[in-house]
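What follows is a short report on a single structure.
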Amino acid sequence: MVRFKYYFLSVFFVSTAAFAQNQEKQEVKKGHTNTNKFRQLYDEFSTPNMYRAASGAPGTAYYQQQADYKMDIVLDDKNQKISGYETVTYTNNSPDDLKYLWVQLDQNMRAKDSKSPLIEGSGVSDVLRPSQFVSNFMKEPFDGGFNIQEVSDTSGKPLTYMINRTMMRIELPEVLKSGGKFSFNVKWWYNINDHVDGRGRSGYEYFPKDGNRTYIIAQFFPRMAVYNDVEGWQNTQFWGREEFALPFGDYEVNITVPSDHILDGTGRLTNRKEVFSKKMMERYEQAQKSYDKPVVIVTQEEAAAKEGQFAETTKTWKLKAENVRDFAFATSRKYIWDMMAVKIGDRDVMAVSLYAKEGNPLWGDWSTKVVASTLESYSRMTFDYPYHKAISVHAKEQGMEYPMICWNYGRPNADGTYSDRTKYGMMGVIIHEVGHNFFPMIVNSDERQWTWMDEGLNTFVQYVAEQDFGKKHPEALSVGHDNFPSDRGPAKMIVPYMGGDQNFIAPIMSKGINVYQFGNNAYGKPATALNILRETVMGPELFDYAFREYAQRWMFKHPTPEDFFRTMEDASAFDLDWYWRGWFYTTDWVDIGIKDVKKYFVSSKPNKYIKDYLAKSGGSVNNLVPLVFMVEEGSEDYSEDLKEGTLVDNSTSLKEYLMDNFTPEERKNIKEPKYFYNITFEKPGGLVMPIIAKYTYADGTSETVTYPAQIWRLNDNEVSKAIASDKEIVSIEIDPKEETADVDTSNNIWPKQEVKSEFDQFKQKIKS
Ligand SMILES: [Zn+2]
């Protein structure tokens with residue numbers, strides 16, 4: 001069989017060389033730039049250096065800055081104001097000397113003179129909530145934003161500063177040398193916004209029935225910007241939709257709230273005995289040993305009893321966190337609180353939930369169990385969750401993440417009933433937001449620049465975690481559901497987006513604020529791309545090892561997209577430049593089909609190809625080495641006496657070759673394929689992808705063959721496979737399990753299936 005191919009090819013090479021020479025004479029020579037889809041990503045990537053290695057790991061000179069905070073915070077529930085005094089200690093681990101520091105003032109996005117509303121250019125919305133209409137067109141703008149009362153050094157001496165919208169530049173009294181530290185104080189306050197009406201990611205929800213508020217407080221203090229080797233100061237303004245870039249640091253935060261409130265947030269509670277009742281303390285002890293169900297620390301009855309109190313006195317909750325990139329907290333007298341332990345590696349972590357009674361019974365039943373399951377799944381896919389707790393807070397219409405704490409939607413109806421949509425939505429958002437502890441809270445990518453690095457990676461693991469959760473808790477699934485109904489992850493779900501109007505699609509490698517269809521761009525498509533990479537291109541074993549390697553290399557560090565792309569290749573021996581290029585740098589889509597299938601026979605008679613070749617070269621048939629002539633069924637070389645179901649019997653050269661070169665014993669073991677096909681695959685879609693072809697044979701059996709994407713390296717439009725088979729092929733289907741996000745499946749099946757109209761089907765029924 002090997003030599004059979006050799007003869008055939010040697011003739012082929014002679015003729016193509018001659019053909020190419022002719023072409024050269026006739027055509028004007030034109031150069032072209034390299035558009036091969038398998039070319040390396042050198043043009044797009046920055047050159048590796050001492051900070052970031054070519055392997056995708058942190059380099060030998062990798063550094064990151066540190067910002068430590070000591071804060072005293074007071075929440076004024078009566079006036080919905082929050083004030084703070086913070087001391088920031090900034091450590092310059094960079095090799096550079098710094099003349100000034102940049103501090104982020106995200107709340108200024110809500111200032112009266114905020115420019116955020118001014119950059120929206122989409123005109124009148126078709127529908128608006130009454131509250132939106134009133135606040136946009138009938139009311140003075142909300143008086144939010146930081147009131148900065150003091151910026152001073154440790155001796156209290158004022159420091160010069162300048163505020164440019166959401167960024168504050170503080171002049172250093174003297175240059176902060178590489179390796180040096182500088183401490184400064186900021187005193188501030190602001191009016192807390194209603195996050196339900198104002199669509200903020202932090203603020204309060206007001207409950208008119210009892211006059212209480214639940215507070216979810218974040219982006220609430222002046223926070224250091226990131227300074228690093230790729231951006232210098234990352235001081236891009238905050239417009240609202242994009243997220244954050246933050247350095248790691250240690251936090252000591254004292255938060256004073258009404259004494260009937262409970263509170264939880266980032267970090268360890270260091271004065272539990274001062275703020276917990278004896279009963280709460282006992283329940284807390286139990287919760288630490290409860291691994292299968294949550295223990296309620298503050299019950300619904302206890303929380304409801306406080307709703308009319310409005311305590312005049314206050315309590316201070318003290319929290320301490322190490323190596324976190326941010327700090328957030330939730331507080332209210334309305335909160336119910338439950339906890340349960342979960343084993344992560346050899347450590348116990350607390351899964352925690354905070355929710356008003358309006359979240360029950362859904363939240364009491366499921367929130368903490370979802371948190372625990374999420375920590376297990378993500379720890380398996382990345383690294384053991386390193387913090388001591390993870391809190392899920394119920395907040396209307398929220399889905400937002402901070403270290404150890406996140407806000408999640410999913411509100412039942414007033415009578416406590418809820419739809420599947422509410423239930424799965426709540427479970428999905430908790431998995432997603434708790435998952436953000438891993439990306440970007442620990443694997444600390446720059447969200448302001450690259451939304452997909454946390455949202456895409458997180459949404460990908462979310463899918464894995466949702467499927468895990470459905471398997472661990474089948475009782476959580478509704479009747480008729482065997483699996484958790486994930487919205488994002490499965491390939492076919494991204495088809496409407498990728499096959500949609502190109503005017504509204506941007507490459508994943510775009511800044512989040514600048515794209516249409518944000519959710520599909522930064523969440524759905526990268527998550528699906530990674531899922532396809534895992535399931536179809538690399539296989540879970542290779543993918544999971546490399547993905548874990550990326551997470552572990554960059555935990556508690558600041559990765560860039562290249563660090564991810566490079567690590568995935570470095571740890572797997574998979575050249576993926578083509579995949580990153582196609583899926584992340586372009587808006588191409590997948591469409592692979594079957595163009596045609598031709599049956600071939602072998603023959604003893606010279607075919608047209610060889611006759612033409614001899615006519616051109618002036619040779620004679622008698623001078624040729626013995627050859628096997630390939631004849632397409634129905635072509636001019638084809639004759640009826642070519643026998644079906646055998647290849648060997650139609651060719652004397654093949655028969656003689658077998659007789660001369662193999663013993664009868666060896667011939668017994670030689671394969672004698674009976675059918676020969678030329679199958680041409682077409683690729684109308686721009687993305688190169690593996691061809692997954694399912695061949696079904698006349699005897700009803702089938703087999704699926706995956707041709708690696710590299711099959712397209714020499715021809716981006718169509719490729720052909722010569723297939724010698726024992727059995728007759730009766731049908732071929734491309735991507736039979738819908739795993740590649742093929743946008744047009746009408747070309748996926750051979751022979752083309754006629755779509756019968758309902759009338760035809762009706763006629764057939766009448767006949768039979
Ligand atoms: Zn997210």
Side-chain angles (χ1 to χ4, degrees), residues 1 4-5 482 490-493 495 499 531-532 535-540 589-602 630-635 638 640 642-650 670-685 687-712 715 717-758 760-761 764-765 767-768:
M1 291 294 274
F4 161 76
K5 263 185 195 157
D482 296 332
K492 65 178 174 197
M493 285 171 155
V495 165
N531 194 37
I532 293 174
E535 302 287 340
T536 303
V537 178
M538 296 172 77
W589 59 90
V590 181
D591 183 14
I592 294 173
I594 303 161
K595 193 178 175 192
D596 69 21
V597 176
K598 289 190 175 118
K599 200 185 246 182
Y600 273 76
F601 294 85
V602 299
M630 305 303 295
V631 171
E632 184 191 329
E633 186 179 38
S635 69
Y638 178 73
E640 293 288 334
L642 288 170
K643 282 180 225 148
E644 272 272 5
T646 172
L647 287 177
V648 180
D649 290 351
N650 290 327
I670 222 159
K671 283 197 288 183
E672 279 193 25
K674 298 186 175 66
Y675 298 91
F676 202 90
Y677 300 93
N678 188 63
I679 298 168
T680 302
F681 301 101
E682 60 178 4
K683 189 172 74 62
L687 282 183
V688 284
M689 285 292 279
I691 304 172
I692 305 167
K694 181 184 177 190
Y695 297 104
T696 302
Y697 302 104
D699 65 359
T701 61
S702 66
E703 76 181 309
T704 300
V705 181
T706 299
Y707 305 103
Q710 279 77 1
I711 194 171
W712 302 106
N715 188 332
N717 302 311
E718 62 175 62
V719 290
S720 296
K721 288 302 288 183
I723 293 190
S725 166
D726 267 354
K727 306 179 205 171
E728 187 178 7
I729 297 173
V730 293
S731 73
I732 307 173
E733 185 177 4
I734 300 288
D735 192 15
K737 291 184 190 156
E738 297 182 287
E739 55 189 296
T740 67
D742 193 320
V743 305
D744 177 7
T745 52
S746 69
N747 56 358
N748 284 26
I749 293 179
W750 175 87
K752 262 212 176 351
Q753 286 176 334
E754 271 185 58
V755 184
K756 283 206 171 105
S757 71
E758 274 180 41
D760 287 338
Q761 288 172 14
Q764 211 164 32
K765 247 188 195 168
K767 272 187 198 164
S768 61

Looking just at side-chain N and O atoms, do [X] and [Y] make a donor-acceptor pair shorter than 3.5 Å?
| X | Y | value |
| --- | --- | --- |
| Asp742 | Thr740 | no |
| Glu718 | Thr680 | no |
| Thr701 | Lys727 | yes |
| Glu682 | Asn717 | no |
| Glu703 | Tyr697 | yes |

If we ignore hydrogens and angles and just use 3.5 Å, is the side chain of [X] paired with the main-chain N or O of [Y] as donor and acceptor?
| X | Y | result |
| --- | --- | --- |
| Trp712 | Met689 | yes |
| Tyr677 | Tyr600 | no |
| Asn650 | Leu642 | no |
| Lys683 | Gly685 | yes |
| Asn715 | Val719 | no |
| Thr646 | Asp649 | yes |

A side-chain contact here means heavy atoms from C-beta on lying under 4.5 Å apart; do [X] and [Y] qualify?
| X | Y | answer |
| --- | --- | --- |
| Val537 | Pro690 | yes |
| Asn748 | Ile592 | no |
| Tyr695 | Ile723 | yes |
| Ile679 | Ile732 | yes |

Check: Tyr638 ring centroid to Phe601 ring centroid under 6.0 Å: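 Under 6.0 Å, so yes.
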At their closest point, which heavy atom of [X] faces which heavy atom of [Y], and how far apart are they?
| X | Y | answer |
| --- | --- | --- |
| Pro684 | Asn747 | CG-ND2, 3.8 Å |
| Ile711 | Lys721 | CD1-CD, 3.8 Å |
| Glu739 | Glu535 | OE1-O, 4.4 Å |
| Ser720 | Asn678 | CB-OD1, 3.8 Å |

Any chance NZ of Lys599 has more than 12 other-residue heavy atoms, nucleotides or ligands included, within less than 6.0 Å?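 Yes, NZ of Lys599 has more than 12 neighbouring heavy atoms, counting only those of other groups under 6.0 Å.
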Under-4.0 Å salt bridge between Asp735 and Lys737: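 Salt bridge absent between Asp735 and Lys737.
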